[in-house]
There are 2 protein chains.
Amino acid sequence: MSEQGSRAVGRAGAGRPGVPNATVARLPVYLRALHALADVGRTTVSSEALAEAAGVGSAKLRKDLSHLGSYGTRGVGYDVGELVHHISSTLGLGQRWSVVLVGVGNLGQALAGYGGFDDRGFRVAALVDADPARVGEVVAGLTVLPLQDLPRVVREQGVSIGVIATPATGAQDVCDRLVAAGVRSILNFAPAVLQVPPGVDVRRVDLSNELQILSFHEHRKAALADQVVSA
Amino acid sequence: MSEQGSRAVGRAGAGRPGVPNATVARLPVYLRALHALADVGRTTVSSEALAEAAGVGSAKLRKDLSHLGSYGTRGVGYDVGELVHHISSTLGLGQRWSVVLVGVGNLGQALAGYGGFDDRGFRVAALVDADPARVGEVVAGLTVLPLQDLPRVVREQGVSIGVIATPATGAQDVCDRLVAAGVRSILNFAPAVLQVPPGVDVRRVDLSNELQILSFHEHRKAALADQVVSA
DNA sequence: GTTTGTGAAAGGATTCACAGCA
DNA sequence: TGCTGTGAATCCTTTCACAAAC
């Protein structure tokens, strides 16, 4: 999410009226479900069926899609191919974005080798690491570059997204360098809160956070079960 | 988030009045910031300073903490140690939870080797993989077990959280087996939507989703920049 | 008959702004 | 004076329920 909670307005000119953040966060899920349907040969789908596949309610799905425009047919459903196209274009997946991955430790290597990037429109343009000992190593077909090369790499490769997979120490430094090099979208796997200037988006993925949230719910379920027993 | 959007009520008996989901999701962030402060020797902190470190507004932080009770001192701030204790106990981190990790591919191995588990109260009790060729391998000090051993492992080790790091294909099968074995909290790294019975919590972490959300914002920023240029 | 698209209602979350306490 | 805790206001999201369209 952006720093401002406002909806993504994009007004004026020939702009879309603006898609709520909560909706944007679900569009990738719909997109994946649609691709799965297309692979199986389905050409149309109802809001009910698509919602089921995406794990949401059908009313929510329809409201979400209504923000992109009116692309369904009453009494029939949505055309799978058409929806894929409209969601992709809303998400800006018409172009291939270049990504630079910083940190080639355990996690960084796993990410570099993961299919998730090429999946849809993302290209790992370069690997970077602060550790001189790692520079020159070849990981997933790319030679690891030193941190100093960031500005050049970003410029020459047209990088617009930075992925941070370093330890918490040093994540802020890496972030500052990315921002200085002109990157305005950052995906942070390091367990640290990054401070960034306005206009830069950061999304954080944190294993430990997720586990702790599950812990809360598990804890609560255990407490409820105890109540039942003692009742 | 749970399947129902309601707040985590936990009423009756000696229960906390209930902490909103949005708050629960931020508590781990506060906790980390507090640990960092403690490591540096700070013993008290104001809502302003803690909020800054956690990357949120101070009013939001205070409202969040107010749901756990009244543990601050007006004119002074919060006692770091006391807050750590109360947040930890709210999150159910008083006990060590046992985790089973399914899938020891690229990502699974990175997760197994990651410090994020031992970090605070989590223990990887076992590694499991569906591929017979991997069974017996030793990863991060643990021998990889076959999928069939899940029920036994869950029972004997008291596992309450399952982490799925398999490819999308097979994720649902693994999920079903985890649920059948009695696991009610699942962290899913596979790019798939899991269907689970009520009472089971699933949290999903998806690289590709996150990138697509960033893509949306980047796309929007580019469109805005174009407008400025043509104005 | 079926299914979308959407106003209106309900429910959460965030922000404001200030009373109350140290 | 400084800072927390919290009602009230605002904003965002979800859900409901049904008219319109096929």
Side-chain angles (χ1 to χ4, degrees), chain A residues 1-9 16-27 29-30 34 37 42-80 82-83 86-87 90 213, chain B residues 1-9 16-27 29-30 34 37 42-80 82-83 86-87 90 213:
Chain A
M1 238 143 285
S2 300
E3 34 287 298
Q4 347 79 310
S6 92
R7 86 179 36 186
V9 113
R16 281 266 106 256
V19 184
N21 275 321
T23 296
V24 171
R26 282 185 296 265
L27 291 180
V29 181
Y30 302 154
L34 286 165
L37 288 168
R42 294 281 308 253
T43 77
T44 73
V45 66
S46 70
S47 64
E48 194 66 50
L50 182 53
E52 157 91 23
V56 302
S58 65
K60 196 190 274 186
L61 175 95
R62 288 200 300 279
K63 177 72 69 168
D64 281 342
L65 294 185
S66 78
H67 289 114
L68 317 194
S70 220
Y71 300 123
T73 309
R74 290 164 202 240
V76 179
Y78 300 90
D79 181 274
V80 171
E82 205 183 340
L83 247 199
H86 286 299
I87 293 180
T90 300
I213 294 168
Chain B
M1 237 144 286
S2 304
E3 37 286 297
Q4 347 79 312
S6 92
R7 84 180 38 187
V9 114
R16 280 267 108 254
V19 185
N21 276 322
T23 296
V24 171
R26 282 186 295 265
L27 291 180
V29 181
Y30 302 155
L34 286 165
L37 288 169
R42 293 282 307 255
T43 78
T44 71
V45 66
S46 70
S47 65
E48 193 66 51
L50 182 52
E52 156 92 22
V56 302
S58 65
K60 195 190 279 188
L61 176 94
R62 288 198 303 278
K63 176 77 72 176
D64 281 343
L65 295 185
S66 78
H67 289 113
L68 316 193
S70 221
Y71 301 122
T73 308
R74 290 167 203 241
V76 178
Y78 300 90
D79 181 274
V80 172
E82 206 183 338
L83 248 199
H86 287 298
I87 293 179
T90 300
I213 295 167

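Just so we're on the same page: letters track the sequence lines, and every chain starts at 1.
The interatomic distance linking Glu82(A) (CD) with dT4(C) (C1') rounds to 14 Å, in whole Å. Rounded to a whole Å, the CG atom of Asn21(A) is 14 Å from the C1' atom of dA13(C). Rounded to whole Å, the distance from CG on Leu68(A) to P on dT4(C) is 15 Å. Rounded to an integer number of Å, the gap from His86(A) NE2 to dT4(C) C1' is 15 Å. Straight-line distance from the OH atom of Tyr71(B) to the C1' atom of dC21(C): 18 Å, rounded to whole Å. Atom-to-atom, CG of Leu61(B) to C1' of dG5(D) comes out at 12 Å; the value is rounded to the nearest Å. One atom, CG of Leu65(B), and another, C1' of dT4(D), lie 10 Å apart when rounded to the nearest Å. Here the C1' atom of nucleotide dC3(D) and the CG atom of Asp79(B) are 15 Å apart, to the nearest Å.
Looking at heavy atoms from C-beta onward, Leu83(A) lies in side-chain contact with Leu50(A) at the 4.5 angstrom threshold. Inter-residue side-chain proximity for Tyr71(B) and Leu65(B) is flagged as unmet; no heavy-atom pair is nearer than 4.5 Å.
Nearer the 5' end of DNA chain D, as judged by each residue's closest nucleotide, is the contact made by Gly72(B), out of Lys60(A) and Gly72(B). A residue-by-residue look at Ala22(A) and Gly75(A) shows that Ala22(A) has its nearest nucleotide of DNA chain D further toward the 5' end.
Out of dA13(C), dT13(D), dA22(C), the shortest distance to the side chain of Pro20(A) is found at dT13(D). Set against dT4(D), dT13(D), dC22(D), the side chain of Tyr78(B) has dT4(D) as its closest nucleotide.
Shown here are the side-chain hydrogen bond (donor to acceptor under 3.5 Å, both in side chains) partners of Thr23(A), two or more places apart in sequence or in another chain: Asp64(A). Every residue meeting the side chain to side chain contact (heavy atoms under 4.5 Å, CB included) condition with Ala53(A), not counting sequence neighbours, appears here in chain and number order: Ala33(A). The side chain to side chain contact (heavy atoms under 4.5 Å, CB included) search around Arg74(B) returns none, not counting sequence neighbours.
Of all heavy-atom pairs spanning Tyr30(A) and Ala54(A), the tightest one is CD2-CB, 3.7 Å. Nearest heavy atoms, Glu82(B) versus Asp79(B): N-OD1, 2.9 Å. When every heavy atom of Leu61(A) is checked against every heavy atom of Val56(A), the shortest pair comes out as CB-CG2, 4.3 Å.
Contacts between residues 45-54 of chain A and DNA chain D, defined by a heavy-atom separation under 4.0 Å, are absent.
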Sub-3.5 Å pairs of nitrogen or oxygen atoms, protein against nucleotides 6-11 of chain C:
none

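Screening residues 45-62 of chain B for salt bridge (charged side-chain N to carboxylate O under 4.0 Å, His left out), with sequence neighbours left out, gives no hits.
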